[in-house]
Every structure is written in C-alpha cells, then in structure tokens.
Amino acid sequence: MRLLGKLGLAATACLLGANVAAADTTVKWLHIEVNPAQVKIWEEVARSYEASHPGVKVEMQFLENEAYKAKLPTILQSKDRPNIIYSWAGGVLKTQIEAGVLDDITDQVKGYSDSLTPAALAAFTSNGRVYGLPVALSQVGFLCNKDLMAKAKVDPAGIKTWDDLLAAVKTLKAAGVTPIVVGGADKWPLHFYWTHLAVRVGGKAAFDAALRGENGGFAGETFQKSGELFKQLVDLQPFQNGFLGFKNPQAVGYFGDGKAAMTLAISTVYNLQRALAADKVGLSEDKICWFDFPVVAGGKGAPTDTLGGITGWLITKDSPKEAVDFLKYFVSKDVQTRLAAGNYIIPVVQGADAGLNNAFMKLIAANLAKSNYHQNFYDQSLGPSVGRVVNDVTAEIAGGSMSPQDAAKAIEAARKQGN
C-alpha cells in the first residue's frame, strides 16, 4: 500500500507537470563521546554513508554524559527526539521498552545480527525482540601510572588481594604520591568500588538472589560486607583532595596529567586520558599499567569475574528506516575493525577483533573472553530509580555521611519500592 501510494503521488505530480525531487531524510544521532579522535572517525563513517545514500543526512548531536542521563527521559517524549541514542542496556533499557519510546528492530536486523557476539546482542534483546545494537564491551579495573608506582616502590603486579591494595595506598601516601583519583561529583565512578566488591564477595549468585529479594536482598550480608570493605579504603583517605567536587572528565584528565598513581576506571579511559589531559598527550603506552580488581578473602566470586559495560545504540519510536540501515552500516565489521585498530573499542562484531593491535586492548579482550560472569554496571542494570540510589549511597559512604549498613538498606528499600 505504501508503494502504491508513492506511485500514485508520482503519477499525480507528472500529470501536473511538477518536477518532483526525492524527499530528504535526516537521521539524528545523539552521542556522549568526548574523545575528538574517535568522533572524527564516526563523522567520516557518517559522511561515507551519506555519499552512498543520496538524500539521507546523518546529523550528529552531543550531550555530556550526566546531562544526557538527566535529560533523556524528557528528550524521548519530544516530537523532535533523536533517532539513534546511546545506551548502557540493563534496567534503563527495560524501562524505556516498557515506556514504549523505542522501535522494535528485530525484523530489520534479521541475518545481520548473526554477526554479533551473542552475549552483547542479548543485552539489547527483551522477550526475544531486538531494540538496539551493541557497539563495544568494556572492563572496569585499575589503570596505573608506572612512574608514580615505581617512585613509591609499589609493584602493580603484586596487587592481587584487597589487603594488597590497602597496603599499596598506605605506601603511596607515605611516599607523597596521591594514590587514587576519582570523579566523585558524578557519583557513578565511586559505585565501581562498592559494586566490584559485591562481585568479588558474593559472585553472580548473590546478585541474582538479591534481585529476587532473597537473603535480605541488597541489604543482605554480601552487600553490607562490600560497603564495609569500601569503608576500609575510604578511611585511608586514598583520593585526591576535593574528590567529591571532581567531575569524571576532570578526574580522567588529572590521571592523564600524571597527578595520581591509580584510577579505578572503564578500560576506555586508557585512550580517553590522552584526550582529557591538559597537554592533550597524557600518559604514553609505556607509562601505563593495569591490574584487575583485587580478590577478597573468603569471597565467593571467581577472580575472572568482570564488571563493565555492554554499550550500544537504540532506535527511538517512529524513526525512519534509514536510521536502522545507518546503524547496521556503523556497527559493521569494517568500521569495528577500524575502531579496534585505533584502540577505541573491544568490538562486538565477530572477526573485528583482528583489528586489535595493542597489548593493553588485547589484554582486556582476553579478560572478557575468559569471564563467565560479566556484571553490567549496577546503576544501569538495576534501572534508573534503584541505580540512582546505588550511586548516591556509595558517594555517601565515600564522604563519611552514611554507614555501609544504612547504604545497603537504602538500596534494598529502593528495590522493593520499584517492584
């Protein structure tokens, strides 16, 4: 019927002697990427798509991370909403699906989706229906500055347990080195500590049980213990002065400037610190080291368990078909291989990992490959209302204004309210 309608309109136009040009389609693409080198590649891909698809324009729009999270619910209700939006999947995605603000793209990606890593695609699938495409995997761990660690005679390779980390912090402080930089004002960088401790203390079983409200839910022993261990670190005052006033980009730049020995961060910060350093050069590859989040004595989680993200893109309701078409073009083996070669992503398209040519990125890819439990960020996995409480109370523990027990109870209360 749509085809017949178009033919009818064309015939009418011809009868009237009108000169009808092809209607232009604009695909609005909203992103949060702050690394200009990566955005440059994205722009080149968009222009390449436009060149091979006359009449289609891809319009890139940017919002800062925290502003994006805050404004997205309102943006999605707008008639002028973007067609492609960034996503961390998890409970936030579930909420968006339930709100009816996304397009179901299952049929449009049939066949193509077979090229994607199954676990990554599953993160953007609900009840067998696909609502978005994954673009990258990431791992949270400690990036460290080799020179500052050496100055304090701390061997990063020797930090295997939580007690090892606490001892390293004390040694670094004694040597006059700021042990850890964190963007406390954004709160979510602090939640990495509490969450990763929960992964180490209780493993997947504890998280799944808490979701079901068993064993005290998120007020249970695993999560109180996570807060208590985090408080052990906080009590050592490991962070830079004024850490609760630092936004994450500022903290990443601080690390890139060589002002702190460590930062617990998403693996993408390996590259991002260069872009956000004051000199736009940051720490070179030979100056950076990495170690996985330490294990906890008596913990039930496996040392190979990982915390991180599965990020991707969603298509908003009533978007033109060209939006999905461009997204498939963007999340293709060629583009993913190019981004992997630039050390920007751990790719999700099968075969694109051949582009990885860097020891650090290969290490992260290997870690993720051997992980049997990859926990998505709690502030995304648990949905917006509970996730916000996780971030808030973690910052409260870090600031000394809430006990680990009260923090765990607040998260459980939010979970119950959300059910």
Aromatic ring proximity [X]/[Y], centre distance under 6.0 Å:
{"X": "Y270", "Y": "W290", "value": "no"}
{"X": "F293", "Y": "H196", "value": "yes"}
{"X": "Y373", "Y": "F207", "value": "no"}
{"X": "F230", "Y": "Y193", "value": "yes"}

Legend entry - Listed once per pair and sorted, the salt bridge (charged side-chain N to carboxylate O under 4.0 Å, His left out) pairs that draw on residues 176-190, sequence neighbours left out: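 Matches after skipping sequence neighbours: D186-K247, K187-D392.
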Inset, instruction - Scan W194, W88, F192 and name whichever one has a ring-ring contact (aromatic ring centres under 6.0 Å, His included) with F377. - result: F192
Legend entry - Criterion ring-ring contact (aromatic ring centres under 6.0 Å, His included) against W42, the qualifying member of F62, Y49, W313: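 Checked F62, Y49, W313 against W42; only one passes ring-ring contact (aromatic ring centres under 6.0 Å, His included): W313.
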Legend entry - K40 atom NZ, neighbour heavy-atom count above 12 within 6.0 Å: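 Result for NZ/K40: open.
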Inset, instruction - May I ask you to decide whether R200 forms a salt bridge with D305, counting only side-chain N to carboxylate O separations under 4.0 Å? - result: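 Salt bridge absent between R200 and D305.
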Legend entry - Pair R47 + E43, salt bridge at N-O below 4.0 Å: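 Salt bridge between R47 and E43, a charged N being under 4.0 Å from a carboxylate O: no.
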Legend entry - Partner residues of N376 under the side-chain contact (heavy atoms from CB on, under 4.5 Å) criterion, sequence neighbours left out: A89, Q380, S381
Inset, instruction - Output every pair passing side-chain hydrogen bond (donor to acceptor under 3.5 Å, both in side chains) with a member in residues 346-357, not counting sequence neighbours, ordered by first then second residue. - result: none
